[in-house]
Amino acid sequence: NEPQSYYTVGDVYTVDVNTALNVRTGAGTNYPLVGYYGLTPDGRAHANAYGALYDGTRVTCLAIEQKGDDIWMQIPSGWICAKQGDYRYVV
């Protein structure tokens, strides 16, 4: 599956998670977390103290990168895992 079949650069999506979604400095779990103070002011308004975005947060897709079965989305605050295998964290 091509990442473009799930997400479009420039569109706005919603975080759909049970807890919170980590924001990283790059596309992959090998990149460090951005952290609360690394988020944009709007991102901080929708994140916990660790800088993870709450369920229901609206995010703007700036770029898409596929790593294996995972799709990473760049948002103004950094990179989030939008889809991991068959599970979508961003809808």
Would you mind reporting whether V15 and Y89 have side-chain heavy atoms less than 4.5 Å apart?
-> no

Do Y87 and W72 sit in the same hydrophobic cluster, where Ile, Leu, Val, Met, Phe, Trp and Tyr count as joined when their side-chain heavy atoms come under 4.5 Å apart?
-> no

I'd like to know if the side chain of [X] reaches the main chain of [Y], judged simply by a donor and an acceptor atom lying under 3.5 Å from each other, with no hydrogens or angles considered.
{"X": "Q74", "Y": "P76", "value": "no"}
{"X": "D55", "Y": "V17", "value": "yes"}
{"X": "Y13", "Y": "T8", "value": "yes"}

Separation between CG (L21) and OH (Y54), nearest 0.5 Å, reads 13.0 Å

Interatomic spacing from CD1 in I64 to CE in M73 - rounded to 0.5 Å | 6.0 Å

So among I71, V91, V90, which one has a side-chain contact (heavy atoms from CB on, under 4.5 Å) with Y6?
-> I71

Tested for side-chain contact (heavy atoms from CB on, under 4.5 Å) against I75, the lone hit among L53, T60, L62, V12 is L53

For residues 66-81, the salt bridge (Lys or Arg N to Asp or Glu O under 4.0 Å) pairs (sequence neighbours left out) are E65-K67

Atom pairs and distances, side-chain donor-acceptor, residues 31-42, under 3.5 Å, sequence neighbours left out:
| from | atom 1 | to | atom 2 | distance (Å) |
| --- | --- | --- | --- | --- |
| T40 | OG1 | G43 | N | 3.0 |
| T40 | OG1 | S77 | OG | 3.2 |

